[in-house]
**Q** 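Mind having a look at this structure? Questions to follow.
What you see is a predicted model; the values in this text were computed from it and never measured.
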Amino acid sequence: MDANKGKGDHVLQNPGGQMDRPVNFHFLESMLPKVVKRRVHALKRLQVQCANIEAKFYEEVHELERKYAALYQPLFDKRRDIVTGAVEPTDEECEWHSDREEEEELAEEVKEKAAIEDAKKEEATPEEDPKGIPEFWLTIFKSVDMLSDMLQEHDEPILKHLKDIQVKFSEPGQPMSFTLEFHFEPNGYFNNAVLTKVYKMKSEPDASDPFSFEGPEIIDCEGCQIDWHKGKDVTVKTIKKKQKHKGRGTVRTVTKQVPNDSFFNFFNPVKASPDGEMDEDSEFTLATDFEIGHFFRERIVPRAVLYFTGEALEDDESFEEEELEEGDEEEQDEEGDDDDDDGDCDPKA
């Protein structure tokens, strides 16, 4: 939701649905009779009380999320065990009836041909059954645009060791937050078993602008220190530069480390400024980080298997297409209105 809604200039809408020119509400309020303005102030006080009640509502929603997270967790633990190969699901647990027409309409002879080809391959190159579901989380990272944009080729071997991603909610009485936990199996890159990212939230109206409150918002995040093995830190790269001495003309080679693009920079985020003053690039980086954290919490972790198979991606694309179509229609309507206002078109044309 737009956090800036309710600020600055607004557009009044008349009963007929036509948009009037922008009107500054502060100017509008100043034009009201004194007795009416007094009553408007009373309504504003009521509105602030509504915002405070809404904040309490979202606090209880957070508690419900925490409660139900505990109910989901055994299922997510079972998912992790199947993915890592720690347990083998029973035949009953593996039963699944697909409703996809293209699978149901697959001809029997094609199935038989595929089985024969598979048998030939197995005879030619006998292989052991893969353990669990190989590269489960890496496949998800590579499939989701928001995550693949962060992913570099040198990150992929490390993410093959990712066993699970979990969401943990803050305890009752603590400031509202949630933590993303990335669980790794022992690997040759770092010593950490778990990498964490904490997202701190605020769910109360701003005293200076209470009418902008629209629910909890992420206000800051905190990563963790990665204990890299020597020479394995993919967030930095070593470069060599030649330097020439101005007087003697001798040349020396200097080696230094510089930042390197990597998904693992996710655990070393830009810090929100306490006074709210940040440059545009930092603001954009932080806003993107908040969006990614929210996406992990709301979509990736709860529906991981559907992102692995691509089904959730189809749902996301359909939703985006719908939004685009609606936006296109609005744009066309506005263009049509402009044409009517100009009055230049020939009714006989």
**Q** Is it true that Asp164 and Gln166 share a donor-acceptor pair across their side chains at a distance under 3.5 Å?
**A** yes

**Q** How many angstroms lie between atom CE of Met31 and atom NZ of Lys37, to the nearest 0.5 angstrom?
**A** 10.0 Å

**Q** More than 12 heavy atoms of other residues, nucleotides or ligands under 6.0 Å from CD of Gln225: yes or no?
**A** no

**Q** Will you find, in the side chains of Glu92 and Thr90, an N or O donor that is under 3.5 Å from an N or O acceptor?
**A** no

**Q** At what distance, to the nearest 0.5 angstrom, does CD1 of Ile218 lie from CE of Met176?
**A** 11.5 Å

**Q** Counting C-beta onward and ignoring hydrogens, is there a side-chain heavy-atom pair between Val254 and Lys240 closer than 4.5 Å?
**A** no

**Q** Which pair of non-hydrogen atoms, one from Phe213 and one from Ser203, has the smallest distance, and what is that distance?
**A** CE1-C, 3.9 Å

**Q** Applying salt bridge (charged side-chain N to carboxylate O under 4.0 Å, His left out) as the test, list every pair that has at least one member in residues 252-261; sequence neighbours left out.
**A** none

**Q** Do Arg45 and Val48 have side chains that approach each other closer than 4.5 Å (heavy atoms only, starting at C-beta)?
**A** no

**Q** Got a donor-acceptor contact below 3.5 angstrom from the Asp149 side chain to the Met146 backbone?
**A** no

**Q** Start with the C-alpha gap between Phe267 and Phe182, add the side-chain angles, then the distance that decides, and say whether ring pair (Phe, Tyr, Trp, His ring centres under 6.0 Å) holds.
**A** CA-CA 10 Å; Phe267 299 98; Phe182 295 74; 5.2 Å; yes

**Q** Is it true that atom CD of Glu171 has more than 12 heavy atoms of other residues, nucleotides or ligands lying nearer than 6.0 Å?
**A** yes

**Q** Do Val198 and Ile219 belong together in a cluster built from hydrophobic side chains that touch within less than 4.5 Å?
**A** no

**Q** If you look at every heavy atom in Leu162 and Phe141, which pair is closest and at what distance?
**A** CD2-CE1, 4.1 Å

**Q** To the nearest 0.5 Å, what is the distance between CG on Asp220 and OG on Ser177?
**A** 11.0 Å

**Q** Apply side-chain contact (heavy atoms from CB on, under 4.5 Å) to residues Leu195 and Ile226 and explain how you reach the verdict.
**A** CA-CA 7 Å; Leu195 299 181; Ile226 301 178; 3.9 Å; yes

**Q** Step through it carefully: locate the ring centre of Phe308, locate the ring centre of Trp137, and say whether they are under 6.0 Å apart.
**A** no

**Q** Indicate yes or no: at least one non-hydrogen side-chain atom of Asn268 is less than 4.5 angstrom from one of Thr235.
**A** no

**Q** Treating Ile, Leu, Val, Met, Phe, Trp and Tyr as nodes and any side-chain heavy-atom pair under 4.5 angstrom as an edge, say whether Val35 and Leu32 lie in one connected cluster.
**A** yes

**Q** With clusters defined by side-chain heavy atoms of hydrophobic residues (ILVMFWY) lying less than 4.5 Å apart, directly or transitively, does Leu151 cluster with Leu180?
**A** yes

**Q** Rounded to the nearest 0.5 Å, what separates atom CG in Leu159 from atom CG in Leu138?
**A** 6.0 Å

**Q** Is there a side-chain contact between Ser143 and Leu313 (heavy atoms, below 4.5 Å)?
**A** yes

**Q** Consider only side-chain heavy atoms of I, L, V, M, F, W and Y, link residues closer than 4.5 Å, and tell whether Phe76 and Tyr68 are in one cluster.
**A** yes

**Q** For the residue pair Tyr307 and Phe295, categorise the inter-ring angle as parallel (less than 30°), tilted (30 to 60°) or perpendicular (more than 60°).
**A** perpendicular

**Q** Pairs in or reaching into residues 186-205: which pass salt bridge (charged side-chain N to carboxylate O under 4.0 Å, His left out), with residues at least two apart or in two chains?
**A** Lys197-Asp289, Lys200-Glu222

**Q** Quick check: closest heavy atoms across Leu286 and Val270, and the distance to 0.1 Å?
**A** CD1-O, 3.1 Å

**Q** Are there over 12 heavy-atom neighbours, none belonging to Tyr72, within less than 6.0 Å of that residue's OH?
**A** no

**Q** So, His229 versus Phe190, ring centres under 6.0 angstrom or not?
**A** no

**Q** For the residue pair Phe266 and Phe296, does the interplanar ring angle fall in the parallel (under 30°), tilted (30 to 60°) or perpendicular (over 60°) class?
**A** tilted

**Q** Do Leu75 and Val301 sit in one hydrophobic cluster, given that two such residues count as connected whenever their side-chain heavy atoms are within less than 4.5 Å of each other, even indirectly?
**A** no

**Q** Report yes if some heavy atom in the side chain of Ile300 is under 4.5 Å from a heavy atom in the side chain of Ile140; otherwise report no.
**A** yes

**Q** Quick one: do Val234 and Ile158 satisfy side-chain contact (heavy atoms from CB on, under 4.5 Å)? Show the steps, please.
**A** CA-CA 10 Å; Val234 294; Ile158 309 175; 3.9 Å; yes

**Q** So do Arg66 and Pro172 actually touch side chain to side chain, heavy atoms under 4.5 Å?
**A** yes

**Q** Can you tell me how far apart CG (Asp77) and CD (Gln73) are? Round to the nearest 0.5 Å.
**A** 4.5 Å

**Q** Quick one: closest heavy-atom pair of Phe184 and Asn192, and the distance?
**A** CB-O, 4.4 Å

**Q** What are the two closest heavy atoms between Glu93 and Pro89, and how far apart are they?
**A** OE1-CA, 3.2 Å

**Q** Less than 4.0 Å between a side-chain N and a carboxylate O, is that true for Lys78 and Asp81?
**A** no

**Q** If you define the side chain from C-beta out and look only at heavy atoms, does anything of Glu291 sit under 4.5 Å from His294?
**A** no

**Q** Once you measure the plane-to-plane angle for Phe178 and Phe169, does it fall in the parallel (<30°), tilted (30-60°) or perpendicular (>60°) bin?
**A** tilted

**Q** Once you round to the nearest 0.5 Å, how far does CG of Asp206 lie from CZ of Phe211?
**A** 12.0 Å

**Q** When you look at NZ of Lys271, are more than 12 heavy atoms from neighbouring residues, nucleotides or ligands closer to it than 6.0 Å?
**A** yes

**Q** In chain order, what residues pass the side chain to side chain donor-acceptor pair (under 3.5 Å) check against Arg79, with sequence neighbours excluded?
**A** none

**Q** Can you find a side-chain donor-acceptor pair between Ser262 and Asn260 that sits under 3.5 Å?
**A** no

**Q** Give the minimum heavy-atom separation between Phe290 and Cys221, together with the two atoms involved.
**A** CE2-SG, 3.9 Å

**Q** Would you call Lys163 and Glu185 a salt bridge, using N to O less than 4.0 angstrom?
**A** no

**Q** With no hydrogens and no angle check, just 3.5 Å: does a side-chain donor-acceptor pair link Glu181 and His183?
**A** yes

